[in-house]
Amino acid sequence: MRHVIIGASFAALNAAKAILSNESDDEVVVLSKEKDAPYYRPLISYLLMGKTTEEKMRMSFPESVKIILGTEAERIDTKKKEVIASNGKRYKYDRLLISTGSRPFVPPFKGLDRVSDEIKTTFMTLEDARKLNGMLDKDKRVLIIGSGLIGLKSAEAILERVKSVDVIDLQNRILPAVLDEVSSEYLKKYLEAKGMRFHLGLSVDEFSEKSARLTDNSTLDFDILVLAVGVRANTSLFEEIGGKTGRGILIDTHSRTSIPNIYAAGDVTESMDISSMASKPIQIVPNAAFQGETAGMNMAGIEKTFENAVPMNATGFFSLHLITAGTYKGELLDLSDENGLRRFYIENDELKGFILTESAIERGGIYTSLIRDRVKLSTLDKNIFKAPLLMAFPKERREKIEKEAQ
Amino acid sequence: MKRVYINEEWCLGCHLCEYNCFLSNSKESDMVLACMGKNIKSNLHIEDSGDIHFAFNCRHCKDPICIKACISGALHKEGEVVVIDKEKCVFCGSCILVCPYGALMESESGVMQKCELCISSGGVPKCVEGCPNGALVFEER
């Protein structure tokens with residue numbers, strides 16, 4: 001059987017591994033539009049900080065996988081079961097995985113074309129990181145549009161290498177998709193103390209060559225512009241063949257799409273978040289890995305489901321580390337102290353979400369498992385939120401998770 | 001596979017396994033030299049509460065979620081053992097976020113550390129070898 005995978009990141013890697021884990025003679029072809037060999041994408045900000053190298057960032061696929069670089073899938077012919085690629089070739093598939101990820105969304109700002117391409121960039125790819133790296137200089141003033149993870153990780157990466165970093169966001173708080181209001185303010189104060197400047201609740205009315213006039217009529221001058229407003233799922237290939245999409249390709253718990261023999265995984269998809277019971281894009285590494293693996297197994301003919309997706313993020317800025325998971329709804333239990341924030345959201349006897357920072361992140365995965373397994377909190381020792389100890393679990397749960405490891 | 005297990009009823013909560021773990025993963029051969037003035041960060045943890053004590057370390061899961069969540073490819077398997085390439089780790093915290101056992105810790109060098117069953121020093125894990133009451137065992141179950 002022949003499997004074609006479009007895209008070459010986490011979902012593709014885990015799918016390829018799953019397909020080949022079954023010791024079949026199945027053939028796996030990966031099409032990547034990037035010229036660079038596959039790499040661990042979230043490391044691009046660490047690359048700019050000198051915490052990794054391009055060499056160390058390389059992602060290795062199983063040896064038998066045929067990876068075709070610099071080649072974009074342009075069209076899918078579902079009748080002939082072929083992918084028509086930008087190199088003029090047609091790739092036949094028995095099973096197809098669309099793991100095309102997402103792309104930066106750049107709103108049509110007035111005057112954006114006046115800002116030369118030499119001084120503006122997005123921050124999604126290794127190529128973007130190299131470009132931004134080439135622009136950096138101690139005298140340069142940087143303007144970043146967007147205070148999401150991409151905007152803030154790029155800000156962290158370059159802060160000490162440039163003269164100034166200003167970040168603007170239409171929302172009135174930073175990292176709104178990851179943090180609640182209190183933790184957002186907490187992080188903002190920390191980053192301001194490091195030297196970042198935030199301009200919130202504002203957008204750009206008009207750009208001129210090296211300046212932005214904001215919606216409050218103030219102006220910000222810059223030498224480098226980073227566009228990090230948000231991302232959009234790369235669904236067009238799939239939409240053109242009549243596949244069902246929302247804010248991403250709709251998939252079921254088998255990573256199947258609405259079209260036979262076509263699967264989707266990773267940032268390109270929209271799926272069920274069990275902490276909020278809402279269908280949404282969950283654009284994080286573990287989700288891409290789980291969905292990719294699930295797709296790969298099913299493509300190889302072995303049934304597998306992934307049923308407990310929740311949003312979760314681990315990130316850090318300088319020495320402030322944060323881990324978060326789930327949805328911030330229900331009753332707030334705030335046990336924050338001098339060791340960091342410890343904010344838990346509880347509803348119907350279940351943990352729905354949490355935010356932990358600094359040394360309070362230690363062993364935090366124990367809390368994530370409570371959300372993913374929808375554990376009834378009344379079955380646990382009530383001290384579980386004071387410290388994440390396995391001791392708080394009844395013996396049956398301890399035995400259950402011990403078995404799950406095997 | 002062989003894993004480290006705790007027979008809870010035999011664990012005295014003496015924490016010696018934590019020190020032996022730290023020693024095994026240090027470059028020293030002497031406990032005093034290894035531990036003096038150091039913040040002891042071991043790869044297994046004793047949980048204590050009143051009369052209950054037990055040690056817990058990496059389960060070396062068959063299907064490890066930490067490897068799936070790792071953003072740098074630092075976590076991987078060597079045979080059946082989940083190991084970490086500290087050169088590749090950037091301490092993003094993703095493995096802390098997903099491990100249901102709380103088995104990974106920040107090391108002194110600011111990247112992650114974890115139990116590797118003492119594979120580099122061969123044979124029986126040092127936590128098991130030094131357990132004075134035979135509470136920790138290394139066996140197939």
Side-chain angles (χ1 to χ4, degrees), chain A residues 10 13-14 39-43 45-47 49 51-53 56-60 284-290 292-293 312-316 319 321-325 356 359 361-370 372-373 381 383 387-392 395 398 401-406, chain B residues 1-6 8 13 41 45-74 76-77 80 82 85-106 110-112 140-141:
Chain A
F10 291 93
L13 174 69
N14 282 276
Y39 57 91
Y40 286 91
R41 188 179 306 284
L43 294 182
S45 72
Y46 296 91
L47 179 67
M49 296 177 91
K51 287 192 173 181
T52 189
T53 61
K56 284 189 206 163
M57 282 171 73
R58 203 154 291 161
M59 180 186 263
S60 0
I284 52 170
V285 169
N287 203 49
F290 278 122
E293 178 189 46
M312 50 174 125
N313 277 285
T315 190
S319 59
H321 286 267
L322 312 118
I323 66 175
T324 66
L356 306 172
S359 60
I361 70 172
E362 229 174 67
R363 305 189 81 193
I366 292 174
Y367 296 127
T368 310
S369 76
L370 299 182
R372 296 185 70 223
D373 296 347
D381 185 305
N383 288 320
L389 297 176
L390 296 170
M391 196 174 267
K395 204 157 186 183
R398 290 218 301 274
I401 65 173
E402 178 72 53
K403 279 210 186 70
E404 277 167 3
Q406 308 174 12
Chain B
M1 73 176 290
K2 275 176 133 181
R3 292 182 170 86
V4 174
Y5 293 97
I6 179 80
E8 276 173 49
K41 288 190 168 177
H45 324 282
I46 296 284
E47 294 189 6
D48 292 302
S49 168
D51 290 342
I52 319 170
H53 314 277
F54 66 86
F56 217 86
N57 71 340
C58 173
R59 303 327 291 150
H60 298 279
C61 300
K62 197 170 170 205
D63 184 16
I65 180 171
C66 58
I67 293 183
K68 286 203 177 77
C70 180
I71 68 163
S72 69
H76 61 283
K77 276 202 174 187
E80 289 179 308
V82 179
D85 180 343
K86 289 187 178 174
E87 291 294 310
K88 283 190 178 174
C89 177
V90 294
F91 189 26
C92 68
S94 296
C95 51
I96 301 179
L97 171 65
V98 298
C99 176
Y101 310 101
L104 297 103
M105 303 291 280
E106 183 191 358
V111 295
M112 297 306 295
E140 196 115 17
R141 277 193 185 173

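Letters A, B, ... are given to chains in the order of the sequence lines, protein chains preceding strands, and every chain is numbered from 1.
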Practice task
Evaluate the side-chain proximity of B:H45 to A:R363: yes if any heavy-atom separation is below 4.5 Å, no if none is.
Solution key: yes
Exercise for the section: Report the distance from atom CZ of A:F10 to atom CD1 of B:I71, rounding to the nearest 0.5 Å. Expected result: 7.0 Å
Practice task
Against chain A, work out which of B:G73, B:C70, B:G93 has the most heavy-atom pairs shorter than 4.5 Å and name it.
Solution key: B:G73
Handout entry: Any side-chain heavy-atom pair of A:R372 and B:I65 under 4.5 Å
Key = yes
Problem - Portion of A:D373 that has a non-hydrogen atom of chain B nearer than 4.5 angstrom - result: neither
Fill in the blank from the handout: Max heavy-atom pairs within cutoff under 4.5 Å with chain B, candidates A:G316, A:S60, A:A289, goes to A:A289
Handout entry: Toward chain B, the part of A:R41 with a non-hydrogen atom under 4.5 Å
Key = neither
Fill in the blank from the handout: The interface call for B:Y5 against chain A, heavy-atom contacts under 4.5 Å, is side chain
Handout entry: Nearest heavy-atom neighbours spanning B:P100 and A:S369
Key = CB-CB, 3.7 Å
Fill in the blank from the handout: Value for SG (B:C92) from CG (A:L322), rounded to nearest 0.5 Å, stands at 12.0 Å
Practice task
With a 4.5 angstrom heavy-atom cut-off, could you sort out which part of A:Y367 is near chain B: side chain, backbone, both or neither?
Solution key: neither
Fill in the blank from the handout: Nearest heavy-atom contact between B:L97 and A:A325 is CD1-CB, 4.3 Å
Completion exercise
When the 4.5 angstrom heavy-atom criterion is applied to B:C99 and chain A, the contacting part is backbone
Fill in the blank from the handout: side chain to side chain contact (heavy atoms under 4.5 Å, CB included) test vs B:I96 passes for just one of A:I366, A:I361, A:T368, namely A:I361
Handout entry: Side-chain touch A:L390/B:F56, heavy atoms, less than 4.5 angstrom
Key = yes
Problem - Ion pair check, B:E8 and A:R398, cut-off under 4.0 Å - result: yes
Practice task
Name the region of A:S319, side chain, backbone, both or neither, that has any atom closer than 4.5 Å to a heavy atom of chain B.
Solution key: neither
Exercise for the section: Among B:K68, B:K88, B:K62, B:M105, single out the residue with the greatest number of heavy-atom pairs under 4.5 Å to chain A. Expected result: B:K68
Problem - Which portion of A:M391 sits near chain B, non-hydrogen atoms under 4.5 angstrom - result: both
Practice task
Report yes if the side chains of A:E402 and B:Y101 come closer than 4.5 Å at any heavy-atom pair, otherwise no.
Solution key: no
Fill in the blank from the handout: Counting heavy-atom pairs under 4.5 Å with chain A, the top scorer among B:H60, B:E87, B:E106, B:R3 is B:R3
Practice task
Below 4.5 Å from any heavy atom of chain A, which atoms of B:D85 appear? Answer side chain, backbone, both or neither.
Solution key: neither
Completion exercise
Taken to the nearest 0.5 Å, the spacing of A:K51 NZ from B:S72 OG works out to 12.0 Å
Fill in the blank from the handout: So, the part of A:M312 with a heavy atom under 4.5 Å from chain B: the answer is both
Exercise for the section: Can you tell which part of A:K395 gets under 4.5 Å to a heavy atom of chain B, answering side chain, backbone, both or neither? Expected result: side chain
